[in-house]
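Have a look at the structure below, then the notes.
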Amino acid sequence: MGVRLKATHVVLAMLCAMYFITYVDRVNIGTAASEIQKELGLSNTQLGLVFSAFAYPYLLFQVIGGWVGDHFGPRKTLFWCGMIWAVATISTGFVNGLAALFVARFALGFGEGATFPTATRAMQYWTPANRRGFAQGLTHSFARLGNAVTPPVVALLILWLTWRGAFVVLGFVSLVWGFIWVWYFRNEPKDHASITEAELAALPPRPTGERPRVPWGPLLGRMWPVTLTYFCYGWSLWLYLNWLPLFFKNSYNLDIKNSALFASGVFFAGVVGDSVGGVLSDRILDRTGNVRLARLSVTIAGFTGALLSLLPILFIHDITVVALCLSAGFFCAELVIGPMWSIPMDIAPKYSGTASGLMNTGSAFAAIVSPLVAGFVIDATGNWYLPFLMSMGLLLLGGFAAFLMHPERPFTEAEERIPAGNVVAAE
């Protein structure tokens, strides 16, 4: 007799696949960058501009996309997002200059901007409350798995099909996911043909009545420390995602295959960090019942560990030591993912899509600034280590900013009605 898959598990698996694919499509350019740079004649500063192109619409659609996910539901929203980012990825294979490449990456950010906030909305209703940290950690670990496998996969595709063919192939994979998602997923768990009564009983209740209007002022007042903390994390994340393959290639004169393997090894550490951080946060919550302790302890430990791990690369430039330090730093940084993505659901469960979008604007803004600054600094100094020194400063700031977050204080009906000018008093 075969084992019957639970509908909640299938939905979580599909979200894991989405996180995996979105990160493959957003970081593939990092591995292909050396070939693109050579063919299109781009400087590091221009390359940084291309890296940042993804983030402009991505930043805009964090909040708008979160609202769209709340309003139209994850089923339609994620399907159309998937179609847009798939076409954008395929189009990248046909660009002929800096402007066209910028537009293709801009379109990719447009398609992916609403995905994570909307996925958080899907998890809100498809995941038991005491499994949120695990679900967020698991889905983001698949994002980091996408990071890890992308460099060698893209390197192989480039060898077989050129960098242009690599983008076309990866884009078609995204198209397939979108059609499977819209076929299987339902916004309401109770409407799914395969869900059981036991699964429904374990899920959080849906709010009844009219759809609540977002209390923007109070929500911004509660979420800005979370956004600032996530910006500090995002600075390091986007430095790793965009520049790591080129860092190994240019600092140690490696070919594209070996630089991809070193980058892949570093990214695999993040896969473990994502899962560990979510599990640790949930366990602390189960044992203590203290939401603030569960979220902040893991987050602050992650920032501290990432900072300390990067220190040796300022003094030791042996490639093995540097790779190990970068791996440890990425592992520690990724510990924060599970607890951080649980905080919007802790603070504002009725507005989790919008709240998580507000939080992710921090990372999206970092995705604009971090690659631009790194490219400019590298062109100006020729030093590939200076961007990591700047990243250490942001990690320090993030550790302190985390203390300003209050996930233990969920939104109340009274707080939602407070005018924007009185937000601080409500705290």
Side-chain angles (χ1 to χ4, degrees), residues 133-134 136-145 147-148 225-226 228-241 243-244 247 262-285 287-288 290-343 359 362-363 366 370 385-405 407:
F134 167 77
Q136 289 287 5
L138 181 66
T139 51
H140 281 82
S141 73
F142 270 82
R144 300 304 173 258
L145 182 61
N147 296 345
V226 187
L228 173 60
T229 304
Y230 209 58
F231 168 81
C232 296
Y233 156 80
W235 186 285
S236 294
L237 171 68
W238 292 102
L239 177 64
Y240 272 89
L241 297 187
W243 290 104
L244 198 61
F247 168 79
F262 270 100
S264 179
V266 173
F267 289 145
F268 265 113
V271 178
V272 182
D274 272 318
S275 297
V276 171
V279 170
L280 281 176
S281 183
D282 281 348
R283 285 187 178 178
I284 295 171
L285 181 59
R287 292 184 180 182
T288 67
N290 189 326
V291 177
R292 181 173 168 83
L293 177 65
R295 306 309 186 208
L296 266 64
S297 60
V298 179
T299 299
I300 294 168
F303 276 110
T304 304
L307 172 60
L308 295 176
S309 297
L310 291 180
L311 276 174
I313 72 171
L314 301 179
F315 311 101
I316 305 172
H317 293 168
D318 176 77
I319 188 171
T320 302
V321 175
V322 168
L324 290 173
C325 289
L326 290 171
S327 298
F330 200 54
F331 168 83
C332 292
E334 293 305 297
L335 289 175
V336 312
I337 285 293
M340 286 297 297
W341 278 89
S342 299
I343 288 174
M359 180 190 78
S363 177
S370 179
Y385 288 88
L386 281 180
F388 289 98
L389 177 61
M390 301 175 67
S391 178
M392 291 164 61
L394 270 296
L395 290 169
L396 181 63
L397 175 61
F400 283 107
F403 286 101
L404 301 175
M405 302 188 300

Summary of salt bridge (charged side-chain N to carboxylate O under 4.0 Å, His left out) pairs that have at least one residue in residues 395-404, sequence neighbours excluded
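Matches after skipping sequence neighbours: none remain.
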
Name all pairs fulfilling the salt bridge (charged side-chain N to carboxylate O under 4.0 Å, His left out) condition that reach into residues 300-325, sequence neighbours left out, sorted by first residue then second.
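Not a single pair qualifies under salt bridge (charged side-chain N to carboxylate O under 4.0 Å, His left out).
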
How would you list, by chain and number, every residue that makes a ring pair (Phe, Tyr, Trp, His ring centres under 6.0 Å) with Phe303, sequence neighbours excluded?
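Phe303 satisfies ring pair (Phe, Tyr, Trp, His ring centres under 6.0 Å) with no residue once adjacent residues are dropped.
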
Tyr385: partners by ring pair (Phe, Tyr, Trp, His ring centres under 6.0 Å), with sequence neighbours left out
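Once residues adjacent in sequence are excluded, the partners of Tyr385 under the ring pair (Phe, Tyr, Trp, His ring centres under 6.0 Å) criterion are Phe247, His317.
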
Please report the interatomic distance [atom1]([X]) to [atom2]([Y]), rounded to the nearest 0.5 Å.
X: Asp282; Y: Ser342; atom1: CG; atom2: OG; value: 6.5 Å
X: Asn147; Y: Leu241; atom1: CG; atom2: CG; value: 5.0 Å
X: Leu335; Y: Ile300; atom1: CG; atom2: CD1; value: 13.0 Å
X: Leu285; Y: Leu280; atom1: CG; atom2: CG; value: 12.5 Å
X: Leu310; Y: Cys332; atom1: CG; atom2: SG; value: 9.0 Å
X: Ser370; Y: Tyr240; atom1: OG; atom2: OH; value: 11.5 Å

Report the residues that fulfil side-chain contact (heavy atoms from CB on, under 4.5 Å) with [X], sequence neighbours left out, ordered by chain and then residue number.
X: Leu307; value: Met392, Leu395, Leu396
X: Pro407; value: Val291, Arg295, Leu296, Ile343, Asp346, Met405
X: Ala328; value: Ser309
X: Leu293; value: Ile284, Thr288, Asn290, Ser297

Indicate the atoms forming the closest heavy-atom contact of [X] with [Y], along with that distance.
X: Leu394; Y: Cys232; value: O-CB, 3.2 Å
X: Gly265; Y: Ser327; value: O-OG, 3.9 Å
X: Ala306; Y: Ala333; value: CB-N, 3.9 Å
X: Gly234; Y: Ser363; value: CA-OG, 4.0 Å
X: Ala294; Y: Ser281; value: O-OG, 3.0 Å

Test of understanding: with side chain to side chain donor-acceptor pair (under 3.5 Å), list the residues that count as partners of [X], not counting sequence neighbours.
X: Trp235; result: none
X: Thr229; result: none
X: Thr139; result: none
X: Tyr233; result: Arg144, Glu334

Can you find a pair of side-chain heavy atoms, one from [X] and one from [Y], that are under 4.5 Å apart?
X: Val336; Y: Val298; value: no
X: Ile337; Y: Tyr230; value: yes
X: Phe268; Y: Phe330; value: no

Return yes if some donor-acceptor pair links the side-chain N/O of Ser264 with the main-chain N/O of Ala148 below 3.5 Å, else return no.
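Yes, because the side chain of Ser264 sits within donor-acceptor range (under 3.5 Å) of the backbone of Ala148.
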
Where the side chain of Ser391 meets the backbone of Pro387, is there a donor-acceptor pair that is under 3.5 Å apart?
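Looks like no, no N/O pair under 3.5 Å.
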
